[in-house]
Asks: 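One structure is given below, represented as structure tokens, and several questions about it will come after.
Indexing begins at 1, ligand by ligand and atom by atom, following the structure's order.
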Amino acid sequence: MNTRPRRNRKSAAIRSMVEETKIGTEHLIYPIFLKDGKGVKEEISSLPKNYRWSIDQLLPEIEACMKLGIFTYDIFPAVEEHLKDRVASYSYAEDNFYLNAFRKLKETFPEIVLMSDVALDPYSSDGHDGLVENGQILNDETLPILNRMAVAQAQSGVDIIGPSDMMDGRVGSIREALDINGYTDVSIMSYSAKYASAFYGPFRDALNSAPKSGDKKTYQMNPANKREALLEAELDYLEGADMLMVKPALCYLDVIHMLKENFNIPITAYNVSGECAMVYAATEKGWLNYDLAISEMLLSMRRAGADAILTYFAKDFATLLKNK
Ligand code: PBG
């Protein structure tokens with residue numbers, strides 16, 4: 001045998017020297033849930049270790065995460081049912097708890113990168129990402145609402161807009177609305193290949209945002225389709241997206257890899273709530289080693305080609321890296 005691959009694995013130092021994939025806290029984006037009020041820190045039952053925070057409680061938490069090296073946060077507001085309506089008007093309303101919280105965050109920590117979702121569902125009485133009429137999700141009628149939401153978020157200091165709605169033409173529409181209003185520096189990380197997945201359950205629990213009727217299959221992608229992700233990514237790229245996201249991550253590593261091979265802008269992966277919940281549950285039962293499992297999962301997303309990863313494991317993983 002003149003080729004023995006084990007020689008390159010014979011010590012920790014050699015293994016580290018020939019390691020192909022690196023992952024650090026700079027690759028992490030931390031999704032966090034926000035709630036109106038004061039002194040609120042409510043654990044999400046289907047997503048343990050994750051909370052709905054009021055802004056006063058969240059500020060020290062962000063400070064702690066920054067000390068661990070996490071600088072990018074995707075903040076999702078949990079909106080009271082009585083504030084939801086058909087057209088998701090709370091998403092851009094004046095004197096609005098979540099936009100005020102965004103302002104406070106950026107004022108307190110100007111160095112963070114603040115990301116926010118654009119889609120109707122957390123603000124919609126129908127629980128859909130687009131406008132609903134007679135059971136149909138209207139595409140073109142949804143776009144002006146998305147534009148308004150994106151501009152309101154940009155006004156409150158958001159650095160990256162994340163359109164997660166999967167309406168056709170939304171990236172171009174939002175890009176134009178941002179530019180007309182002077183927000184040419186605000187980025188768009190498009191949820192390009194967003195699949196109609198079983199793994200969003202805990203997120204919908206956190207925001208109480210599940211669809212009131214039907215499912216999301218007329219706008220989110222069919223999990224069976226791969227080539228279609230190229231079409232979605234190409235449209236978003238041509239419409240002006242700065243980064244392309246694949247969501248979920250674990251079941252779609254092939255899609256991450258394909259987009260990385262085909263596009264010269266950053267590719268991101270959303271390690272969604274259900275993927276994290278599985279690990280929390282198995283760890284609680286003593287069936288998995290949490291630290292090893294999350295490290296391997298996040299590494300696999302980077303290996304597939306993700307430049308950055310949105311993950312609920314961000315704080316725990318950053319803590320692990322720090323103590324390594
Ligand atoms: C809203 C949105 C969802 C997620 C991110 N943005 C839910 C959905 O589309 O139903 C899911 C994130 C997660 O599960 O962690 N459109």
Asks: Ring centres of Y270 and F203 under 6.0 Å apart?
Replies: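 Y270 vs F203: aromatic centres not under 6.0 Å.
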Asks: Please tabulate, one line per pair, the protein nitrogen or oxygen atoms found under 3.5 angstrom from a nitrogen or oxygen of ligand 1, with distances to 0.1 Å, or say none if there are no such pairs.
Replies:
| unit_1 | atom_1 | unit_2 | atom_2 | d |
| --- | --- | --- | --- | --- |
| ligand 1 | 6 (N) | D117 | OD2 | 2.9 |
| ligand 1 | 6 (N) | K247 | NZ | 3.4 |
| ligand 1 | 9 (O) | K194 | NZ | 2.6 |
| ligand 1 | 9 (O) | K216 | NZ | 3.4 |
| ligand 1 | 9 (O) | Q220 | NE2 | 3.0 |
| ligand 1 | 10 (O) | R204 | NE | 2.7 |
| ligand 1 | 10 (O) | R204 | NH2 | 2.7 |
| ligand 1 | 10 (O) | K216 | NZ | 2.7 |
| ligand 1 | 14 (O) | S273 | N | 3.3 |
| ligand 1 | 14 (O) | S273 | OG | 2.7 |
| ligand 1 | 15 (O) | S273 | N | 2.8 |
| ligand 1 | 15 (O) | S273 | OG | 3.4 |
| ligand 1 | 15 (O) | Y312 | OH | 2.6 |
| ligand 1 | 16 (N) | D121 | OD1 | 3.3 |
| ligand 1 | 16 (N) | D121 | OD2 | 3.0 |
| ligand 1 | 16 (N) | D129 | OD2 | 3.0 |
| ligand 1 | 16 (N) | S164 | OG | 3.0 |
| ligand 1 | 16 (N) | K194 | NZ | 3.1 |

Asks: Do the rings of H128 and Y219 sit parallel, tilted or perpendicular, given the 30° and 60° boundaries?
Replies: perpendicular
Asks: Taking the six-membered ring for Trp, are F313 and Y280 parallel (under 30°), tilted (30 to 60°) or perpendicular (over 60°)?
Replies: perpendicular
Asks: Does K22 have any salt bridge (Lys or Arg N to Asp or Glu O under 4.0 Å) partners at least two apart in sequence or in another chain, and if so, which?
Replies: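 Listed in chain order: E19.
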Asks: Could you list the residues that satisfy ring-ring contact (aromatic ring centres under 6.0 Å, His included) with Y237, not counting sequence neighbours?
Replies: F263
Asks: Taking only residues two or more places apart in sequence, or in another chain, which ones meet D236 in a salt bridge (Lys or Arg N to Asp or Glu O under 4.0 Å)?
Replies: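 Here the qualifying residues are R170.
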